[in-house]
Undergrad: 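Sharing a structure, written as structure tokens. Questions coming.
So that the names make sense, note that chain A is the first sequence line, chain B the second, and so on, each numbered from 1.
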Amino acid sequence: MTFTLATWNINSVRLREGLVARVMEEETPDVLCLQECKSPVEKIPLEIFAGLGYRHWVARGQKGYNGVAIFSKLPMEEVGAHDFARLGHARHVAARLENGVTIHNVYAPAGGDVPDREANVKFGQKLDFFTHMREHFGAERPRREILVGDLNIAPREDDVWSHKQLLKVVSHTPIEVEHFEAAREAGGWVDVTRADIPRGNLYSWWSYRAPDWNAADKGRRLDHIWASGDIAAAAHSSRILRDARGWEKPSDHVPVFASFDL
DNA sequence: ATGGTAGACTTTCTA
């Protein structure tokens, strides 16, 4: 079978339930992973999404911050949630499809403004989150697993609008990229988006603060789709829905897609 | 060197 998966930091699932519905209706991914739902699970508009065919869901939520959810047209069962940096935040949930493929939905900490763990506790927590992911997925190498989400790091020079100007900006500092790559390599994860689209600038996020996001195009690729090494060759048709950044009352992130023949 | 916008829920935090 072929299934299509999308990941999107929605920045409030309740405020943007109409945009979620639009992606469900127009793009029809089989599985849609959301981050930053900013809602307790019981206040997520589950009925609306079920009415569009997304009858299966798993979620972790908290009031006002964080929150992750997976909506699926395909049957799936929850297979747990981790608190990688032991912050008590809703930043991970996982589910397994009937074909045995497990999907991890991750929202990594943003890390604050100052890229120094002595001066900024949040930056240390971000690095620790990736260290914990490295330890977790390095202990038992994932098989038939997919990891998606807002990882809040743009690892490559062509994942940001200016490598040089962002070297000291949280999301693109060398120490973050080291932690990100160590976590990826420990799990044997393949960056599906970049395996599919190896060259050229790719962005999935544009700041709300920049005027004229489209013309300035000062974006970063913060949202990722990884596949375990055994199934990476089954991935194809990666794309980023840039148009969504121009919708009315948009999220600052846009959906990232990949399809898998499994 | 600084401020810019957005969301939740507060009179401020987080991104």
Undergrad: When the C1' atoms of B/dT11 and B/dG7 are considered, how many whole Å apart are they?
TA: 15 Å
Undergrad: Rounded to whole angstrom, note down the C1' distance from B/dA15 over to B/dG3.
TA: 15 Å
Undergrad: If you check the A/Glu36 side chain, which of B/dG7, B/dC9, B/dA15 turns out closest?
TA: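 Of the candidates, B/dA15 comes closest.
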Undergrad: Taking A/Ala154's backbone N and O only, do any of them form a donor-acceptor pair with A/Ser171's side chain (distance below 3.5 Å, no angle check)?
TA: no
Undergrad: Please determine if a side-chain N or O atom of A/Lys38 lies less than 4.0 Å away from the OP1 or OP2 oxygen of B/dA15.
TA: no
Undergrad: Specify the separation, in whole Å, of atom CD of A/Gln62 and atom P of B/dT14.
TA: 12 Å
Undergrad: From the list B/dT10, B/dG4, B/dG7, which nucleotide is the closest neighbour of the side chain of A/Lys63?
TA: B/dT10
Undergrad: Quickly work out the A/Asn9 CG to B/dT5 C1' distance and round it to whole Å.
TA: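 Spelled out: CG on A/Asn9 to C1' on B/dT5 is 15 Å.
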Undergrad: Apply salt bridge (charged side-chain N to carboxylate O under 4.0 Å, His left out) to residues A/Glu145 and A/Arg96 and explain how you reach the verdict.
TA: CA-CA 9 Å; A/Glu145 297 187 37; A/Arg96 186 165 52 232; over 6 Å; no
Undergrad: Is the shortest side-chain N/O distance from A/Lys249 to OP1 or OP2 of B/dA6 below 4.0 Å?
TA: no
Undergrad: Measure from CD1 on A/Ile10 to P on B/dA8 and round the result to the nearest Å.
TA: 11 Å
Undergrad: So A/Arg91, base contact, sugar-phosphate only, or nothing? Heavy-atom distance under 4.0 Å.
TA: sugar-phosphate
Undergrad: In whole angstroms, how far is the P atom of B/dA6 from the CG atom of A/Leu15?
TA: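 Distance, rounded to whole Å: 11 Å.
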Undergrad: Find the distance A/Asn120:CG to B/dA15:C1' and express it as a whole number of Å.
TA: 13 Å
Undergrad: Establish, from distance only, whether the side-chain atoms of A/Asp223 and A/Thr7 form a donor-acceptor pair under 3.5 Å.
TA: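 No, no side-chain donor-acceptor contact under 3.5 Å.
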Undergrad: Ring pair (Phe, Tyr, Trp, His ring centres under 6.0 Å) with A/Phe84: which of A/His92, A/His132, A/His89?
TA: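 Going through A/His92, A/His132, A/His89 one by one, the ring pair (Phe, Tyr, Trp, His ring centres under 6.0 Å) with A/Phe84 is satisfied by A/His92 alone.
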Undergrad: Taking atom P of B/dA6 as reference, at what distance in whole Å does atom CD of A/Glu248 sit?
TA: 12 Å
Undergrad: Taking CD from A/Gln165 and P from B/dA1, how many angstroms apart are they, rounded to a whole number?
TA: 15 Å
Undergrad: With P as the reference atom in both, quote the distance from B/dT5 to B/dC9 in angstrom, rounded to an integer.
TA: 22 Å
Undergrad: Would you indicate which nucleotide in B/dC9, B/dT14, B/dG7 comes nearest to any side-chain atom of A/Lys122?
TA: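 Out of B/dC9, B/dT14, B/dG7, the nucleotide with an atom closest to A/Lys122's side chain is B/dT14.
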Undergrad: Report yes or no: do A/Ile44 and A/Ile48 belong to one cluster of Ile/Leu/Val/Met/Phe/Trp/Tyr joined by side chain heavy-atom distances under 4.5 Å?
TA: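 Yes, it is one cluster - the side chains of A/Ile44 and A/Ile48 are joined through contacts under 4.5 Å.
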Undergrad: Start at the 5' end of DNA chain B and walk down; is the nucleotide closest to A/Tyr107 or to A/Asn11 reached first?
TA: A/Asn11
Undergrad: Can you measure A/Lys218 atom NZ to B/dG4 atom C1' for me and round it to whole angstrom units?
TA: 12 Å
Undergrad: Nearest heavy atom decides the nucleotide; on that basis, is A/Ala210 or A/Pro109 closer to the 5' end of DNA chain B?
TA: A/Ala210
Undergrad: With hydrogens left out and only the distance checked, is there a donor-acceptor pair under 3.5 Å joining A/Arg16's side chain and the base of B/dA6?
TA: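 No pair found.
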Undergrad: Say we look at B/dA6 and B/dT2: how far apart would their P atoms be, to the nearest angstrom?
TA: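 So the two P atoms sit 23 Å from each other.
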Undergrad: Could you point out which residue of A/Asn105, A/Ile70, A/Val192 forms a side-chain contact (heavy atoms from CB on, under 4.5 Å) with A/Val148?
TA: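 So the option named by the test is A/Asn105.
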